[in-house]
Amino acid sequence: MAGQTAGDTVSMGGVISEFTVKNTKKGDRFAVFSLEDETGSIEVIAWPETFRRLGEQVADGAAVLVTGRLEIEDGKPTRIVAEAAEPLEGLRERHAKSVMLRFAADALDTAQLEKLRDVLDRHRGERPLIFVLSLPNGVEARLRAHHTFSVRPSLALVEELQAGFPGCTVVLQ
């Protein structure tokens, strides 16, 4: 958190440890925990409203991305006042703006195209799908699929594409 000042909004990924639920003077529940990454750890506090919203996403051993305000007070360790947290697993997929599939043009016969359509149908969503076809002469053709083939990026989609189409490269943008 070097170079940050109190009140800055920061995001930090790590693993939750020392997770404790406490009560405010009014009896509302809030959470205090450590968020550890490869560089060290920082205390995080999730006040009652935020803690209710986060629910089961914050628990010992969970790998999360925490976003919140930096709190720096003289003589006290720096901490983050959490505003949001989301699982690290699938983070890249959830935030992808589009999905690009790179194929050799001659790798897609009619059967492969039907199989691809079935996979895409199972993962319908709102993100555009872009095909990059490598032609035999070395030229790459970029084609944006019709909006009816928009997808919901997920780990499951990426795994299904990689397993079903070994020559396909999946790029999340």
Side-chain angles (χ1 to χ4, degrees), residues 1-4 8-17 19 33-42 44 46 50 52-70 80 82-173:
M1 300 289 147
Q4 301 286 336
D8 284 357
T9 297
V10 296
S11 292
M12 180 178 161
V15 176
I16 293 175
S17 66
F19 182 81
F33 55 89
S34 290
L35 188 63
E36 299 179 8
D37 69 6
E38 63 281 352
T39 63
S41 70
I42 190 167
V44 178
T50 303
R52 275 192 299 276
R53 206 175 55 245
L54 299 180
E56 295 175 10
Q57 293 182 65
V58 289
D60 256 338
V64 296
L65 177 71
V66 170
T67 301
R69 284 183 340 277
L70 206 54
I80 298 173
E83 293 165 0
E86 60 181 312
L88 282 178
E89 184 177 40
L91 184 70
R92 199 182 75 190
E93 290 77 6
R94 287 192 305 277
H95 290 275
K97 301 282 184 264
S98 66
V99 176
M100 186 170 70
L101 303 180
R102 180 174 264 120
F103 284 99
D106 56 7
L108 294 173
D109 58 20
T110 305
Q112 286 286 85
L113 283 171
E114 286 179 17
K115 183 176 160 187
L116 180 59
R117 189 190 67 225
D118 291 343
V119 170
L120 297 175
D121 278 347
R122 287 194 292 277
H123 297 276
R124 285 267 165 95
E126 66 292 330
R127 299 292 190 265
L129 183 63
I130 300 160
F131 289 98
V132 177
L133 301 175
S134 301
L135 303 173
N137 63 2
V139 173
E140 282 193 342
R142 280 178 81 95
L143 307 166
R144 186 178 178 130
H146 189 270
H147 69 84
T148 56
F149 286 100
S150 293
V151 293
R152 179 181 30 80
S154 67
L155 287 171
L157 170 63
V158 172
E159 288 169 359
E160 217 172 317
L161 288 168
Q162 289 174 334
F165 307 91
C168 172
T169 304
V170 182
V171 180
L172 302 172
Q173 299 177 307

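Computed from a prediction, not measured in an experiment: that's the story for all the values here.
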* To do: Write down the atom of L54, the atom of A46, and the distance for their closest heavy-atom approach.
  => CD1-CB, 4.3 Å

* R117 side chain reached by L113 side chain, heavy atoms, under 4.5 Å -> no

* Structure fact -> Closest heavy-atom pair, H123 versus V119, reported as atoms and distance to 0.1 Å, is CD2-O, 3.1 Å

* **S11 versus T67, closest heavy-atom pair with distance** => OG-OG1, 2.9 Å

* After noting the C-alpha distance and the side-chain angles of Q173 and S98, does the key distance pass the side chain to side chain donor-acceptor pair (under 3.5 Å) rule? -> CA-CA 5 Å; Q173 299 177 307; S98 66; 2.9 Å; yes

* Structure fact -> All heavy atoms of F33 vs all of S17, minimum pair found to be CB-O, 3.6 Å

* To do: Check whether any side-chain heavy atom of L116 sits under 4.5 Å from a side-chain heavy atom of L161, and report yes or no.
  => yes

* Asked: Can you find a heavy atom in the side chain of L172 that is under 4.5 Å from one in the side chain of V99?
  -> yes

* Determine whether R142 and V132 make a side-chain contact, defined as any pair of heavy atoms from C-beta on separated by less than 4.5 Å. => yes

* Spatial distance of atom CD (Q57) from atom CD1 (I16) [nearest 0.5 Å] -> 9.5 Å

* Gap between atom CZ of F131 and atom CG of L108 - 0.5 Å precision -> 7.5 Å

* Structure fact -> Tested for side chain to side chain contact (heavy atoms under 4.5 Å, CB included) against L35, the lone hit among V58, V15, L65, V64 is V64

* Exam field: side chain R152 to backbone L157, donor-acceptor pair closer than 3.5 Å -> no

* Structure fact -> Nearest heavy-atom contact between E89 and R94 is O-NH1, 2.9 Å

* Asked: Hey, does L101 have a side-chain heavy atom less than 4.5 Å from the side chain of F165?
  -> no

* Rounded distance [0.5 Å steps], OG in S150 versus CG in L129 -> 7.5 Å

* Enter the distance from I80:CD1 to D8:CG here, rounded to the nearest 0.5 Å. => 11.5 Å

* **Qualifying residues under salt bridge (Lys or Arg N to Asp or Glu O under 4.0 Å), relative to R92, sequence neighbours excluded** => none

* Structure fact -> So CD1 of I42 and CD of E36: to nearest 0.5 Å the spacing works out to 12.0 Å

* Any donor-acceptor N/O pair, R127 side chain to H95 backbone, under 3.5 Å -> no

* **Sidechain-backbone polar pair: D60 side chain, F19 backbone, donor-acceptor under 3.5 Å** => yes

* Please round to the nearest 0.5 Å and tell me the distance separating atom CD1 of I130 and atom CG of L143. => 10.0 Å

* Listed partners of E93 passing salt bridge (Lys or Arg N to Asp or Glu O under 4.0 Å), at least two apart -> none

* Asked: When you measure from the side chain of D121 to the backbone N and O of R124, does any donor-acceptor pair fall under 3.5 Å?
  -> no

* Which heavy-atom pair separates V44 from A82 by the least distance, and what is that distance? -> CG1-CB, 3.8 Å

